[in-house]
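First comes the structure, then the notes that go with it.
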Amino acid sequence: MTRVIKNPEDNAGRFNFKDIERKWQKKWEEERVFEAKEDSKKRKYYVLEMYPYPSASFLHIGHVRNYTIGDIYARYKRMKGFNVLYPMGYDSFGLPAEIAAKKEGIHPEKYTNNSIKQIMVYQKALGNSYDWSRVIASHEPEYYKWNQFFFLKMFEKGLAYRKNAPVNWCENCQSVLANEESEGGKCWRCGNEVVQKDLEQWFFKITDYADRLLKDLDKIEWPERIKEMQRNWIGRSEGTLAKFFFRDSKDSLDIFTTRIDTIFSVTFLVMASNHPRVKEFVRNTKYEKEYTSFMKRLELVQNETDKDKDGFFTGKYVINPATGKDIPVYVANFVVADYGTGVVMADAHDQRDYEFAKKFNIPLKTVLRPHKDTRVHYIIRSLVDDWKSKLKGYQWSIVENDGVEIFIPDNKLELFIPLGQSLLKKGPYYFSTRGDKRLIIFKDKVFDIFIGDNNKKANAYGASLSIPPKELAWSQTYEGYGVLYNSGKFDGLTSEEAIPRIQEWLAEKNLGRKVVNYKIRDWLISRQRYWGTPIPIIYCDKCGVVPVPEKDLPVLLPEKVNFGEGNPLSTNKAFVKTKCPKCNGKAQRETDTMGGFVDSSWYFLRYCDNKNKKEAFSKDKIHYWMPVDQYIGGAEHAVMHLMYARFFVKVLKDLGYVNFDEPFMRLFNQGIVYKDGAKMSKSKGNVVFQTDISNKYGIDTARLFLMMTASPEKQMEWNDDGVEGAFRIINKLKRACGTLGDKADAREESKCNKMIKIVSESIEILDYPKAIVTIINFIDSVPEMSKKSYESLLKLLSPFIPHISEELWEAIGNKGFISLAEWPKADESKINEKFEEAERAVNKTVSDILNVLKIIKEKQGREGEKIYLYVIPNEIDNYNADTLSKRVQNEVKVFAVNDKSKYDPEGKAGKAKPGKPGIFIE
RNA sequence: GCGGGGAUGCCGGAGCGGUCAAACGGGCUGGAUUUAGGCUCCAGUGGCUUAGUGCUUGCGGAGGUUCGAAUCCUCUUCCCCGCACCA
């Protein structure tokens, strides 16, 4: 399967990749080429990759790809003259270290330090241009001290608080999880089922920032899908809070709805089963039995998608504030306790409510029909001689001589069928509506039709559409906006008009108000694990919850704890037992630690000032470097790290520590590297290691291959064979080095400048494959280039293949690092498209000649004879004549007629006349 | 169900209204060089065909807009990703 080149280094002609890599990596380090210094005169650029978890003691080519994407950008910007900050560090707190500790009997700290040491060796072998003097690791007290510091600041402001709440618990990890970490009911880390538990936990009040987190998304250049995920997660919706009072009581149930326009339709309420008041309602009533059996049923189907509607009557009645009528309160399995108030008003204009009502025989009342102006128009494309008979049983009338308007009483839906001349061609035909996605058929007939939002458009599309027949059913609910009826004084209003009016009306009566609701929940930061930042809180028997005074920070993570006996920190008595900072009395420390996403919420700030002992970072340095200009990382953090970090920065701004709103101005999501159709993983055994490739071909080859094969944002399939292509390109580059000329001709200059232009533009937007392809094309089309072009070429390539570029840069007599050389500028005045045209002409001529040859040889049997070929000098200059000769393997002599003597000293060509093409055969 | 992204040769992928669909890489076929292999170089690689610088198709499917569409519009099928009974 894998083709192995025996000694690639021999083939490369004296290249010894390993030596070259070591040589330049050493030089870069010794001369501190990539260390960033604040310099107010220089424009800064901050490139950052999400800092890795140092668990793996190896790097696979997926890692290599991720790091290379950032390195290329950093190197490019550096050569462009920016003061580049490009750091690396480690997200070193977390569960894997603890698991390894348990398994192998190594202390997590030792395990982590070893891992970091190991991964650093591999990372350094990549030759990336990191500023290694700024390394940070979040498990170090110098780092996590500031987690505690910021926690205390947030505690002061009420942004960190403790509450008892139902939380996500992962049995496997033995810890709670944040909402964001529970992915579809599974633990994000281990995939274990997440269960609900009521626990007292620490939260950060991210909900206070929901609106800003949403609005500021417009300020940043992120992939749309990530922004969209965040928007969905924040889940802002404007609606109404309405009060439903109990009969003869001052007590009420609050509901949240976005569709207060349907309030007159509300004939019952539904509550979430775990709503705190449900138990109270049914206690000691005949409904308690129903409750118990429902809860049992619920558990059984908990993890099924598409559950049937289920629930029970609570025995309570409330008053519909609009109609004044008594309506029953049910518990239903489709109501989410977490969203809104956990109580929903139910009516005839919601599919779920409708189904529920049918099942429990609750009466329904419709109050909405579709808008006049959103009336659905149809075209029948078929020839319907008997169309009138099709409409039998429906109420219909001809409108304005060009259509049929049909009224279906049950559904309050009007259909409009224009009868233009473009219709009535061929069958079959059926009806469907757009917008609310409902489809309608006439009896059992199927109509081939198209829907437009107005008559004219429907006509325009009409002839073109064909919708395949389906078994269609008309759902009984109309869920869209429409026109109100059965709604008292609001009759005749559209939904859009009615919503604010009803809100006002309810507000006047103190029965409701306009509200904005968010889906996002507060960020649960407590973890019942050892390997994390201790939460700096003390519980005093007298004073209650007391923050650890700043001067006592950091609260060090105790070295000795027992694993497997619940919360590890609680097993260290000396740690737990402490004195109250306020009253000096007996007190206990908090034994939960902070989740790792706290660490990663501000690490990018610490890079700017990683050695600061007095503060987390100095303002001056932060304000010089921040925000991160280009952030690179996986999409899996869309609503976790990327949300938390944004929140954290906003908090820090409000606390006066930073002066910007957003941490990452541009975000880039790299794609995943697959092998044999699956994500690389040790357990699947489909891992291609960094060293597999770098030992054989050198790390530069691996980089080049990874970058040229697929756009960085795309997922890619690793293919061993493909590496050789990249390897050949490097060899070609090396060969070109041996034939450098003094001066470039106009053609070369044109091509070179064009290359510079395209490559620069492509790298700028991280379109690396395009940049590489452009460079390859240049090498192929100018095999013997001038030294100047070659130097430009090397510079353009150096971000991709830094070691080899340095080596060749030195080999052709340059001093200093190409890594610090100035990025070439394209001189657009030198670019001339006529050279491209000439090339096209050559290509065409080549195939012509080969065809002619074929004819002569095969058809005329004149093999072995000497053939002279003349071409028009305007189109083919001497360079291209040479190329032509080469490409047709010297079987044919090709030359420009205006330079006959040079190519035809014997005068054999004789009669060729300039300006006239011809083939002369001797 | 909702939202986002896709579908192009044997494969990975360019092109994103016209001047050239398939750049570039891999694979395959033939040739040159070579003791042989590798490396390197050249040509071919959607289909049809009588030699062609010719014809004809062809960018998931159907239809439309346009003088002209892989590219824009409509619908449809399938795939990937996210959210999911969010009122």
Side-chain angles (χ1 to χ4, degrees), chain A residues 3 5-8 10-13 183-184 223-229 231-233 235 237 239 255-259 262 270 305-309 332-336 338-347 349-353 355-356 381 432 434 437 450-452 457 460-468 479 517-519 635-636 638-639 705 708-711 713-729 731-732 735 767 769-770 772-777 780 783 837 840 843-848 850-852 854-855 858-859 886-891:
Chain A
R3 266 176 62 196
I5 295 177
K6 279 161 204 159
N7 279 309
D10 298 346
N11 300 324
E183 294 174 340
E224 199 45 47
R225 75 191 175 106
I226 302 289
K227 289 207 218 176
E228 202 54 37
M229 280 164 78
R231 282 188 199 109
N232 289 340
W233 192 260
S237 64
I255 61 99
F256 170 78
T257 182
T258 55
R259 293 298 303 275
T262 64
V270 278
T305 49
D306 250 2
K307 293 170 211 164
D308 283 340
K309 297 288 170 286
N333 62 346
F334 60 87
V335 183
V336 182
D338 240 16
Y339 185 74
T341 61
V343 187
V344 180
M345 66 180 212
D347 54 58
H349 295 285
D350 182 281
Q351 188 63 34
R352 294 156 303 180
D353 299 347
E355 284 169 27
F356 190 84
R381 227 184 87 196
S432 118
R434 201 158 62 151
K437 293 278 177 197
F450 177 68
I451 319 110
K457 209 168 163 188
Y461 292 137
S464 71
L465 222 90
S466 85
I467 303 169
E479 291 184 297
N517 190 57
Y518 295 94
K519 233 174 3 184
E636 66 273 18
V639 292
F705 173 66
M708 69 188 275
T709 316
S711 303
E713 77 270 19
K714 291 212 168 108
Q715 61 170 60
M716 70 176 282
E717 173 75 28
W718 176 266
N719 173 348
D720 289 335
D721 293 338
V723 186
E724 284 178 35
F727 187 68
R728 277 182 213 140
I729 289 157
N731 292 338
K732 219 182 246 183
R735 255 178 274 121
D767 187 354
K770 189 170 182 185
I772 296 168
V773 161
T774 307
I775 296 169
I776 297 171
N777 282 339
D780 283 344
E837 284 157 28
R840 245 172 265 147
N843 284 334
K844 205 156 191 182
T845 312
V846 167
S847 82
D848 288 354
L850 291 171
N851 276 324
V852 170
K854 207 166 142 197
I855 300 164
E858 290 175 10
K859 301 289 164 182
K886 263 184 225 152
R887 287 184 52 190
V888 294
Q889 302 166 23
N890 297 316
E891 283 186 63

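Sequence lines set the chain letters: A, B, ... in the order given, protein chains first and strands last, and positions in each chain run from 1.
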* To the nearest Å, how far apart are A:Lys519 NZ and B:C83 C1'? -> 6 Å
* Asked: Expressed in angstrom and rounded to an integer, what is the separation of A:Lys732 atom NZ from B:U40 atom P?
  -> 8 Å
* Determine the interatomic distance between C1' on B:G25 and the same-named atom on B:U33; round to the nearest Å. => 24 Å
* **Which residue lies more 5' along RNA chain B, comparing A:Gly725 with A:Met716 via nearest heavy atoms** => A:Met716
* Asked: How is A:Arg231 classified with respect to the nucleic acid when contacts are heavy atoms under 4.0 Å: base, sugar-phosphate, or nothing?
  -> nothing
* Given B:A14, is OP1 or OP2 found less than 4.0 Å from the side-chain N or O atoms of A:Lys714? -> yes
* Partner nucleotide of B:G9 by Watson-Crick or wobble geometry (both distances under 3.5 Å) -> none
* Between B:A87, B:C85, B:C24, which nucleotide gets closest to the side-chain atoms of A:Thr258? -> B:A87
* Structure fact -> From the list A:Asp350, A:Val270, A:Thr257, A:Ile255, side chain to side chain contact (heavy atoms under 4.5 Å, CB included) partner of A:Val344 resolves to A:Val270
* Could you tell me whether A:Lys309 sits above the aromatic face of A:Phe334, with NZ or CZ closer than 6.0 angstrom to the six-membered ring centre and within 45 degrees of the axis? => yes
* Judged by atom type as modelled, is there a donor-acceptor pair below 3.5 Å linking the side chain of A:Asp353 to the main-chain atoms of A:Asp347? -> yes
* Sugar-phosphate only, base, or nothing, as touched by A:Lys309 at under 4.0 Å among non-hydrogen atoms -> base
* **Atom C1', compared across B:G15 and B:A21: separation rounded to whole Å** => 7 Å
* Describe the nucleic acid contact of A:Asn777 in one word from base, sugar-phosphate, nothing, applying a heavy-atom distance below 4.0 Å. => sugar-phosphate
* **A:Met229 side-chain proximity, nearest of B:C24, B:G82, B:C85** => B:G82
* To do: Measure from CZ on A:Arg735 to P on B:U33 and round the result to the nearest Å.
  => 19 Å
* Asked: Which pair of heavy atoms, one from A:Met345 and one from A:Thr262, lies closest together, and at what distance?
  -> CE-OG1, 3.6 Å
* Structure fact -> Correct closest heavy-atom pair for A:Phe256 and A:Gly340 would be CB-CA, 4.0 Å
* Taking only residues two or more places apart in sequence, or in another chain, which ones meet A:Ile729 in a side chain to side chain contact (heavy atoms under 4.5 Å, CB included)? -> A:Leu704, A:Met708, A:Ile776
* To do: Could you tell me whether A:Arg231 and A:Glu228 make a salt bridge, using a distance below 4.0 angstrom between a side-chain N and a carboxylate O?
  => yes
* **For A:Glu713, all residues meeting salt bridge (Lys or Arg N to Asp or Glu O under 4.0 Å), sequence neighbours excluded** => none
* To do: If B:G38 has a Watson-Crick or G-U wobble mate with both distances under 3.5 Å, name it; if not, just say none.
  => none
* To do: Report the distance from atom CZ of A:Phe356 to atom C1' of B:C85, rounded to the nearest whole Å.
  => 12 Å
* To do: For B:G82 versus B:C86, give the span between their C1' atoms, rounded off to a whole number of Å.
  => 16 Å
* To do: Quote, to the nearest angstrom, the C1' distance that separates B:G9 from B:A70.
  => 14 Å
* To do: Write down the distance between NZ (A:Lys227) and C1' (B:G82), rounded to a whole number of angstrom.
  => 17 Å
* Asked: For A:Ser237 and A:Lys770, take the nucleotide of RNA chain B holding the closest heavy atom to each; which residue's nucleotide lies nearer the 5' end?
  -> A:Lys770
* Integer-rounded Å distance: B:A84 C1' and A:Trp233 CH2 -> 11 Å
* Pair partner, B:U29 [Watson-Crick or wobble, under 3.5 Å] -> B:A43
* Asked: In whole Å, what separates the P atom of B:G68 from that of B:C80?
  -> 38 Å
* **Nearest-nucleotide pick for A:Val336, side chain only, options being B:U40, B:A87, B:G25** => B:A87
* To do: Could you tell me the separation between the CD atom of A:Glu355 and the P atom of B:G1, rounded to a whole number of Å?
  => 14 Å
* Backbone N or O of A:Asp308 within a donor-acceptor pair of the A:Asn333 side chain at under 3.5 Å? -> yes
* Integer angstrom distance from the P of B:A32 to that of B:G52 -> 22 Å
* Please state the P separation for the pair B:G58 and B:G5 - nearest whole angstrom. => 28 Å
* Asked: Taking any strand in view, what nucleotide pairs with B:G82 in a Watson-Crick or G-U wobble way, both distances under 3.5 Å?
  -> B:C2
* Kindly label the base of B:G9 as syn or anti, based on whether its glycosidic torsion lies within 90° of 0. => syn
Every protein N/O within reach of nucleotides 4-7 of chain B N/O, cut-off under 3.5 Å:
none

* When the P atoms of B:U45 and B:A36 are considered, how many whole Å apart are they? -> 29 Å
* Asked: Between A:Tyr339 (OH) and B:A87 (C1'), how many Å, whole number?
  -> 7 Å
* Asked: Counting any heavy atom closer than 4.0 Å, what does A:Val639 reach on the DNA or RNA strands: base, sugar-phosphate only, or nothing?
  -> nothing
* Now, which nucleotide makes the Watson-Crick or G-U wobble pair with B:U19, with each of the two distances under 3.5 Å? -> none
* B:C72 pairs with which nucleotide, Watson-Crick or G-U wobble, both distances below 3.5 Å? -> B:G64
* Structure fact -> Closest heavy-atom pair, A:Ala635 versus A:Ile226, reported as atoms and distance to 0.1 Å, is CB-CD1, 3.9 Å
* Asked: The side chain of A:Val773 lies closest to which of these nucleotides: B:A87, B:C39, B:C24?
  -> B:C24
